[in-house]
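Heads up, the thing below is written out as structure tokens.
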Amino acid sequence: MNQTSSGNLTVGESNAWLSSLEWQAVDAKAFNQLSPTEQLIRIRHSSAHIMAAALTQLFPETEFATGPATPQGYFYDIKKSEPLKEEDLASIQAEMDKIAGKSQAFEVASVPKAEAIAYFKEKQQHYKLQVLERIPSETVTLYRNGNFIDLCAGPHVPHTGLCRSNKVLTLSAVHWRDEEKPSLTRITGTAWSRPKDLERYIEFLSEVKLRDHRTLGPQLDLFSFHPWAASALWHPHGVTLRNQLMAFWRETISEKDYIEILNPLLYKKELFETSGHWDHFQENMFIFRDAEGEPDFALKPMNCPDTMLYFRSQLRSYRELPLRIAEGQILHRNEATGALHGIMRTRNFIQDDAHIFLAPEHVEAEVQALLEMLDRIYQIFQLNYNIKFSTRPESYLGSLDVWNKAEASLQAALKAAGKEFVIDEGEGAFYGPKIDINIQDSLGREWQCGTIQLDFQLPERFDLKYVKPDGATERPIVVHRAIFGSFERFIGILIEHLGGAFPTWLAPVQGVVLPIAERHIPHAESVVKQLKTLGFRFDLASNESVNYRIRHAETQKTPYMLVIGDREMADNTVAVRKYTGGQKGTYPLAQLIEELCEHRDQRIFDVVVKEFSSLFRGPSDVSTEDAPY
RNA sequence: GCCGAUGUAGCUCAGUCGGUAGAGCAACGGUUUCGUAAACCGUGGGUCGCAGGUUCGAUUCCUGUCAUCGGCACCA
């Protein structure tokens with residue numbers, strides 16, 4: 001047996017120091033009294049230990065970093081001389097099942113930090129030593145199950161048998177803290193209280209794959225990808241979808257007295273030098289050079305700098321404030337290759353952007369109105385969301401007094417709107433505090449979309465002013481805001497949230513008209529024409545068998561299928577079938593039109609979304625920085 | 001950008017232990033006009049991501065490169 005090499009304890013090792021410790025079993029009674037969520041978190045954390053024990057068994061030289069529970073399972077970050085391969089996962093799974101099968105007890109011992117350091121030094125567990133360095137207390141705890149010992153704050157389950165509903169999932173690489181190299185291997189697994197939950201989670205994973213917008217988008221003929229293109233190529237159906245969404249956006253902002261502008265894509269670098277982007281954002285910008293190779297022009301990565309130019313194009317009065325200026329112009333950002341992801345993260349996209357110029361006393365009411373607006377919009381898509389309030393970061397610009405006032409008014413607005421939110425200390429932008437809105441989709445995943453940010457810096461940098469009632473000038477405050485985030489990302493979220501089945505008001509093709517036989521085609525054509533004239537998006541499907549056309553419409557997730565045969569032709573009715581809803585009966589065309597108008601005007605959410613969000617309980621936002629070690 | 005993996009027809013995938021490849025769907029042509037999830041017959045389609053190297057010979061092995069995937073970092 002391996003007595004002296006690196007790695008944690010191996011089977012059969014004896015160590016006088018370890019056996020001299022006072023090991024205490026985890027209290028089973030107390031565990032049983034915990035809430036299901038607390039139990040699940042422990043199951044996952046303990047599963048990470050079981051994974052590490054399995055790795056120690058298989059590869060004794062493995063070094064361990066951190067292994068916390070996550071909202072969907074757990075992982076352990078490890079370092080190994082020979083990199084792990086996909087094939088190794090099966091043997092790790094088998095070893096873990098063995099350990100879980102043994103129902104080994106989890107035991108804890110408190111030790112002086114210095115002794116723990118000596119122990120992990122001997123075991124050449126360099127990452128554990130780094131973790132130890134950051135622990136302020138003089139005593140630390142060790143947990144053991146079987147012969148595996150880990151530095152760990154706990155808590156754990158009473159024994160490994162509680163972690164049987166367990167599956168090893170993926171391998172990936174992660175950075176260890178701030179270091180670029182060497183990177184660690186992250187082995188991810190999922191663990192549940194009951195086998196039934198594990199099954200449901202595996203069903204969820206296959207659902208995620210099925211709903212992937214990168215597969216569904218091309219399948220539904222919305223867009224396609226090409227290696228040469230900086231973003232997706234949008235097909236006619238995708239363009240229709242975008243146009244519907246943008247029409248909805250314009251409708252919502254015009255109700256709230258926004259004005260819309262359209263500025264160029266391309267600017268001399270002076271604009272960005274003035275805005276601060278040249279110093280703070282240059283590496284994400286596409287920059288053009290002149291004949292001498294000097295930076296010259298750049299594509300705008302945000303709409304804010306040139307909106308300042310618009311504000312400055314005329315003398316402004318206090319009477320104009322709050323001045324709400326929207327712009328849906330194309331933005332270009334040179335994102336890191338590894339960040340690109342379908343249409344969710346591209347180098348070329350459009351935000352539902354707006355900048356609101358206001359006086360300090362407007363902030364609270366304006367932010368409250370924005371919160372109400374985004375609530376209304378997300379509700380239309382039945383998207384849940386969480387609000388995060390980010391406060392002054394360590395390095396900030398402007399005066400402390402202004403910051404305090406701004407934070408107070410943002411917080412007051414959140415409270416006035418009756419919203420729950422979490423405070424993210426020090427995570428605000430350098431130019432002002434912000435409210436970030438994370439959408440939670442039907443698969444329980446979070447996406448940052450909406451944002452409301454206060455900005456004191458741009459008005460300063462562009463020397464913006466408005467004239468007050470007394471004739472003196474004052475500097476306005478700017479609020480940056482977006483609700484969809486980027487239209488492309490929002491469409492991606494919608495595709496995955498809805499599984500590609502859009503509500504009728506939004507669907508690129510709202511329905512198909514299916515004549516039974518050739519003799520019905522002229523009448524079917526006239527039905528399509530009537531619907532099109534009224535602005536509805538219906539196509540004629542006259543080739544192939546009826547069965548084939550129905551199947552095609554179903555796979556394309558078309559909301560309405562209108563079958564027309566002898567009977568329907570005779571009395572000007574349509575036999576209505578709805579997507580996944582089956583036949584809805586035959587009724588007059590006029591009645592259908594009424595129904596369609598209702599869908600359009602009220603933006604009815606007429607799709608059934610398979611919910612998985614109840615699956616997710618447990619800690620969120622796990623990072624290696626604050627993970628329980 | 002970092003680590004790992006992957007790249008075969010429009011799509012999903014098979015195959016070649018080094019002798020230039022095959023299926024289903026889609027497309028195209030013909031027949032069929034049908035009452036609610038695939039009518040029938042036939043045809044075409046691939047410099048096996050790209051560039052170099054090794055070899056008598058490379059889609060297969062090696063190197064580089066581009067892209068994608070899973071994460072990290074970054075972020076709308």
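Just so we're on the same page: letters track the sequence lines, and every chain starts at 1.
Using a 4.0 Å heavy-atom cutoff across all strands shown, Gln448(A) reaches sugar-phosphate atoms only and no base atom. Across all strands shown, Ala336(A) has heavy atoms under 4.0 Å from base atoms, whether or not it also approaches the sugar-phosphate. Counting any heavy atom pair closer than 4.0 Å across all strands shown, Tyr548(A) reaches sugar-phosphate atoms only and no base atom. Among the atoms of the strands shown, base atoms are found under 4.0 Å from some heavy atom of Asp566(A).
Judged by distance alone, the side chains of Tyr267(A) and Asp306(A) do bring a donor and an acceptor atom under 3.5 Å apart.
Ranked by how close their nearest RNA chain B nucleotide is to the 5' end, Val576(A) and Thr346(A) are led by Val576(A).
A distance of about 25 Å separates the P atoms of rA51(B) and rA14(B), rounded to the whole Å. The same atom, C1', is picked in rU60(B) and in rU16(B); the two are 7 Å apart, to the nearest Å. Rounded to whole Å, the separation between the P atoms of rC13(B) and rG7(B) comes to 11 Å. Taking atom C1' in both rA58(B) and rG19(B), the straight-line distance is 10 Å, to the nearest Å. Annotation: rU32(B) and rC41(B) have their C1' atoms spaced 11 Å apart (nearest Å). Comparing rG15(B) with rU6(B), their P atoms sit 15 Å apart, to the nearest whole Å. If you take atom C1' in rA21(B) and the same atom in rG64(B), they sit 26 Å apart, rounded to whole Å.
Thr337(A) has a side-chain polar atom (N or O) that falls below the 4.0 Å cut-off from OP1 or OP2 of rG1(B). The side chain of Arg214(A) contributes an N or O atom lying less than 4.0 Å from OP1 or OP2 of rG70(B). Checking the phosphate oxygens (OP1, OP2) of rA76(B), no side-chain nitrogen or oxygen of Gln351(A) falls inside 4.0 Å. For rA37(B), one of the phosphate oxygens OP1 or OP2 lies less than 4.0 angstrom from a side-chain nitrogen or oxygen of Arg577(A).
The aromatic rings of Phe484(A) and Phe487(A) sit tilted relative to each other, their planes meeting at an angle between 30° and 60°.
Figure legend. rC11(B) is base-paired to rG24(B); pairs are counted as Watson-Crick or G-U wobble with both atom distances under 3.5 Å.
For the pair Arg242(A) and Trp234(A), the distance from NZ or CZ to the six-membered ring centre is under 6.0 Å and the angle to the ring normal is within 45 degrees.
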